[in-house]
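One structure is given here, and the rest of the page talks about it.
These values consider heavy atoms only, across backbone and side chains, with no hydrogens, waters or symmetry-generated copies. Chain identifiers are assigned alphabetically (A, B, ...) following the order of the sequence lines, protein sequences preceding nucleic acid strands; residue numbering begins at 1 within each chain.
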Protein chains: 2
Amino acid sequence: MTTDVGLRERKKSETRQAIADAALDLALRHGPHDVTVDDIAAAADVSPRTVFNHFPSKEAAILGIDPGRRRVLLRSLEERPDDEPPLAALRRTLAELYAPDRLRRWRSRARLAREHPSLQAAYVGAFAELEDDLTAVIGRRTGVDPDTDPYPRLVVAVMAVTMRVSLTHAAASHLDDAELDRTVDRAFAMVAAGLPPPGG
Amino acid sequence: MTTDVGLRERKKSETRQAIADAALDLALRHGPHDVTVDDIAAAADVSPRTVFNHFPSKEAAILGIDPGRRRVLLRSLEERPDDEPPLAALRRTLAELYAPDRLRRWRSRARLAREHPSLQAAYVGAFAELEDDLTAVIGRRTGVDPDTDPYPRLVVAVMAVTMRVSLTHAAASHLDDAELDRTVDRAFAMVAAGLPPPGG
DNA sequence: AGGAACGATGCAGTCCGTGCAAACCTGCAT
DNA sequence: ATGCAGGTTTGCACGGACTGCATCGTTCCT
């Protein structure tokens with residue numbers, strides 16, 4: 001199940017990766033606005049039409065947004081121990097998304113997203129769809145109906161934003177991996193403490 | 001209001017309002033995707049080109065995103081008493097954005113945004129630009145440098161998300177104004193308490 | 001009255017994104 | 001190996017979003 005691959009599946013994900021790499025590389029060098037889908041297609045050596053077979057938009061290609069990861073993420077969250085507090089469970093689950101080998105890429109993306117609101121928008125828009133599913137899971141875990149009580153959705157949304165701010169901050173400050181981890185931990189701690197004003 | 005108005009300014013904001021109204025109305029009736037800029041222009045009785053003179057995108061027109069309000073909001077935040085905690089100051093400031101006479105419209109927009117990710121993306125993208133400014137103000141208020149410490153940005157982002165979730169929830173549940181206020185209060189209280197799991 | 005300033009408009013053009021059908025490739029059964 | 005089935009890539013055509021530019025009309029100011 002782990003990587004059950006025929007030649008077909010492998011080639012597909014290779015194409016996908018080539019497109020994502022080309023898109024990110026070009027966006028970093030020229031700015032997202034000055035890169036066209038045709039440019040990306042040419043750099044990835046595929047037809048422009050193929051770009052849209054893998055990503056719903058140019059921005060999604062640059063950010064490497066992968067609809068397939070949604071399932072993985074959800075299962076991962078569902079498998080967290082029941083007694084873990086929602087915020088912690090979400091933090092652990094989300095950490096998988098930013099696995100070490102991808103960290104450099106995520107850093108670049110965070111920086112780009114911060115500098116270009118259109119990318120930011122695409123990122124959050126993509127997450128919005130995932131948000132519904134995560135909310136449902138948290139609702140089940142906590143025994144709270146998301147339609148009645150905004151708590152589950154609030155937890156998910158706050159967690160997402162905390163992760164985003166931490167990553168953005170780390171990327172902007174050129175922190176290394178250890179420092180990034182500390183930053184994320186501190187951010188979650190601040191949220192768990194209710195974001196008190198620093199002066200005390 | 002002391003809106004220093006010549007005929008010119010007034011007519012401009014009237015066309016602006018006409019466009020926003022037409023856009024929202026059409027989007028509510030047919031769904032954002034099935035409304036074209038030409039439709040909006042026709043309904044507002046202006047040229048399609050004029051729509052883009054007032055709004056940067058179709059989505060912005062539907063959501064009535066007004067770049068001019070940014071200044072107002074920032075001044076409002078700067079004028080809050082210094083000893084007010086950041087979360088509370090932001091909550092009060094943002095409340096002005098949803099003044100009573102506009103509440104019905106905001107409700108519709110919240111509902112639309114929730115159902116259509118593209119609108120959600122536009123909404124958040126627009127807010128992202130404001131976020132930088134708000135972050136700077138909070139940084140000054142708390143004496144924390146946003147480039148060194150993620151705290152100010154985190155507070156702003158969490159507040160924005162809290163507001164969004166509350167509004168969305170209220171809109172989806174058809175709460176009346178009093179209930180909406182309570183919902184927002186409760187959401188901010190939950191955040192200030194660190195979002196503990198409901199079971200205790 | 002007359003010019004400066006500004007908003008509205010029309011037009012041309014670029015780019016994004018989608019539906020469709022044809023070409024192509026892999027997996028599989030015969 | 002052969003041929004069929006199903007999935008992927010491609011080309012084509014098209015609708016729609018958005019921008020730059022030149023122009024026209026109206027308001028503002030003196």
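Side chains of B/Y151 and B/P146 form no contact here, defined as non-hydrogen atoms less than 4.5 Å apart. Side-chain atoms of A/E84 and A/R141, non-hydrogen and from C-beta on, do get closer than 4.5 Å to each other. Residues B/H169 and A/D149 form no side-chain contact, since every pair of their non-hydrogen atoms from C-beta on lies 4.5 Å or further apart. B/V37 has its side chain within reach of B/F52: a pair of non-hydrogen atoms, C-beta onward, lies under 4.5 Å apart. Within the 4.5 Å cutoff, the side chain of A/L28 has heavy atoms near those of the A/R111 side chain.
Residues from residues 110-122 of chain A placing a heavy atom under 4.0 Å of any atom in DNA chain D do not occur. Heavy-atom distances under 4.0 Å link DNA chain D to no residue of residues 24-41 of chain A. Within residues 13-22 of chain B, no residue has any heavy atom closer than 4.0 Å to DNA chain D. Within residues 51-62 of chain B, the residues having any heavy atom under 4.0 Å from DNA chain C are, by residue number, B/N53, B/H54.
Checking each of B/T135, B/V137, B/L87 against B/V156 for a side chain to side chain contact (heavy atoms under 4.5 Å, CB included) leaves exactly one that passes, namely B/T135.
In this structure B/R109 satisfies the side-chain hydrogen bond (donor to acceptor under 3.5 Å, both in side chains) test with no other residue, sequence neighbours excluded. The side-chain contact (heavy atoms from CB on, under 4.5 Å) search around B/A171 returns B/R107, B/A110, not counting sequence neighbours. Listed by chain and residue number, nothing satisfies the salt bridge (charged side-chain N to carboxylate O under 4.0 Å, His left out) test with A/D147 (two or more places apart in sequence, or in another chain).
Remark: side-chain polar atoms of A/T93 are paired, donor with acceptor, to backbone N or O of A/A89 under 3.5 angstrom. Between the side chain of A/T50 and the backbone N or O of A/V46 there is no donor-acceptor pair closer than 3.5 Å.
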Report task. Determine, stepwise, if the pair B/Q120 / B/E115 fulfils side chain to side chain contact (heavy atoms under 4.5 Å, CB included). Result -> CA-CA 8 Å; B/Q120 177 104 317; B/E115 286 164 11; over 6 Å; no
Report task. Please test B/L112 against B/L24 for side chain to side chain contact (heavy atoms under 4.5 Å, CB included), starting from the C-alpha separation and ending with a verdict. Result -> CA-CA 9 Å; B/L112 273 179; B/L24 179 56; 3.8 Å; yes
Report task. Check the pair B/R29, B/V35 against side chain to side chain contact (heavy atoms under 4.5 Å, CB included), reporting the backbone distance first and the verdict last. Result -> CA-CA 9 Å; B/R29 282 196 291 169; B/V35 175; over 6 Å; no
Requested in this report: Take B/F188 and B/T183 through the side chain to side chain contact (heavy atoms under 4.5 Å, CB included) test and state the conclusion after the steps.
Outcome: CA-CA 9 Å; B/F188 271 79; B/T183 301; over 6 Å; no
Each nucleotide N or O in nucleotides 2-4 of chain D that has a protein N or O under 3.5 Å away: list the pair and distance.
none

Short heteroatom pairs, N/O only, protein and nucleotides 27-30 of chain D, under 3.5 Å:
unit_1 : atom_1 : unit_2 : atom_2 : d
D/dT27 : O2     : B/R8   : NH2    : 2.7
D/dC28 : OP1    : B/L7   : N      : 2.5
D/dC28 : OP1    : B/R8   : N      : 3.0

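Applying the salt bridge (Lys or Arg N to Asp or Glu O under 4.0 Å) test to pairs two or more places apart or on separate chains, those with a residue in residues 156-167 of chain A are A/R164-B/E131. Sorted by first and then second residue, the salt bridge (Lys or Arg N to Asp or Glu O under 4.0 Å) pairs involving residues 35-63 of chain A (not counting sequence neighbours) form an empty list.
When the shell of 6.0 Å around CZ of A/R70 is examined, it contains more than 12 heavy atoms from other residues, nucleotides or ligands. Under a cut-off of 6.0 angstrom, the local environment of CZ in B/R80 is crowded, with over 12 non-hydrogen atoms contributed by other residues, nucleotides or ligands.
If you measure from atom NZ of A/K12 to atom C1' of C/dT26, you get 14 Å, rounded to the nearest angstrom.
The OG1 atom of B/T15 sits 9.5 Å away from atom CG of B/N53, with the distance rounded to the nearest 0.5 Å.
In this structure, the helix from C/dA1-D/dT30 to C/dT30-D/dA1 shows an angle of 20° between the axis at its start and the axis at its end, each fitted on 5 base pairs and rounded to 10°.
In terms of polar N and O atoms assigned as donor or acceptor, the side chain of B/R49 never comes within less than 3.5 Å of the base of C/dG7 in a complementary pairing.
Note on A/S47: every side-chain N or O is 4.0 Å or more away from OP1 and OP2 of D/dT9.
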